[in-house]
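Start at 1 and go down the list; that is how both ligands and their atoms are numbered.
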Amino acid sequence: MTVEPIRWRGDRLELLDQRLLPETLSYVTCRSAEEVAQAIRDMVVRGAPAIGCAAAFGVVLSKGGFEVLAKSRPTAVNLFWALERMGRAKDLEAEAKAIYEEDIAANRALGEFGAELIPNRARIMTHCNTGALATAGHGTALGIVRSSKGKKVTVIACETRPYLQGARLTAWECMQEGIPCTLITDSMAGHLMSRGEVDVVVVGADRIAANGDVANKIGTYALAVLAQRHGVPFYVAAPLSTFDPAITDGSQIPIEERPGDEVTGYRKTRWAPKGVQVRNPAFDVTPAELVTGIICEKGVVLRPDRDGIRKLLAS
Ligand code: MRU
């Protein structure tokens, strides 16, 4: 594994500070659930499975702290899934370690299933960051890219406005691993698809509803619509910890609204007029009908719907 976003040290949790990437590699140390919750809120650690793992270790640090951790971010269900598991556990440290190890194993397994769907020399478009940084390791959508390396695939990374996870994190991870990667702004995706320059789109997920609707990073829905228009397969890669069968469809998924200053500028630079009204929903919902298949550690659900998801979760 090349990057270690989450390091458990027995009495403390070290989180690679993803706000500073790609320029600086440094770790933030957390010694309580409150500090882990703060790190999740501040985007030190982000990505659905990584948030779940970090929260689990947060519970170990404070022998509790469920409430503060549950309030840190609302959309990725992995956080609540991990807290629920920790709530049932007798040995907290063993359970948190298991959540972490199982996430890596799930990503490797779904990577293999996904790789079977990827053609030789495929130009794979992806969005946000779904790599080792967003998980305990290997990655989901980017894990499929990793597992497909032998096929000489290339990546087209959408920069992912406004937080730039694609530009800062995915492009960096690909370069670290020697995976050929081309960075584009989000608005270039349709143009490239219309020219036949994209063979497949693979993205991750933050929450998948019982009917197969998928919440993922803002901009994913637009990519799915474009992919359908241009006959490009659109796959979603996510471990079972991202499924939320209690939510009947995507309209019920809570969508995080983030601070406006992420839209009006970046770090110290501001480009929008002071006082302008801003919206900043951090996620959107892609209806199941636009999804070619959902890839998880148990296999692939093609053309996902309520029935397909129910059978997958019961298997
Ligand atoms: O706001 P973020 O960076 O936490 O959003 C991350 C995403 O939307 C990812 O695509 C998703 O969590 C899947 S990561 C394996």
Would you give me the side-chain donor-acceptor pairs under 3.5 Å for residues 59-71, sequence neighbours excluded?
{"from": "Ser62", "atom 1": "OG", "to": "Ala33", "atom 2": "N", "distance (Å)": "2.8"}

Donor-acceptor contacts, no H, no angles, side chain residues 118-125, under 3.5 Å, sequence neighbours left out:
{"from": "Arg123", "atom 1": "NE", "to": "Asp199", "atom 2": "OD2", "distance (Å)": "2.9"}
{"from": "Arg123", "atom 1": "NH2", "to": "Gly196", "atom 2": "O", "distance (Å)": "3.1"}
{"from": "Arg123", "atom 1": "NH2", "to": "Asp199", "atom 2": "OD1", "distance (Å)": "3.0"}

Can you spot which of Arg88, Arg85, Lys90 makes a salt bridge (Lys or Arg N to Asp or Glu O under 4.0 Å) with Glu95? Arg85

Hey, are the side chains of Pro281 and Glu256 touching, using non-hydrogen atoms and a 4.5 Å cut-off? no

With a 3.5 Å cut-off and sequence neighbours excluded, list the donor-acceptor pairs that the side chains of residues 235-243 form with protein atoms.
{"from": "Ser241", "atom 1": "OG", "to": "Asn78", "atom 2": "ND2", "distance (Å)": "3.1"}
{"from": "Thr242", "atom 1": "OG1", "to": "Asn78", "atom 2": "OD1", "distance (Å)": "3.4"}
{"from": "Thr242", "atom 1": "OG1", "to": "Asn78", "atom 2": "ND2", "distance (Å)": "2.9"}

Over 12 non-hydrogen atoms of neighbours within 6.0 angstrom of CZ in Arg303: no

Protein neighbours of ligand 1 with a heavy atom under 4.0 Å, given by chain and number, are Met43, Arg46, Gly47, Ala48, Pro49, Arg73, Cys128, Asn129, Thr130, Ala134, Thr135, Thr140, Gln165, Ala205, Asp206, Asn216, Lys217, Phe283

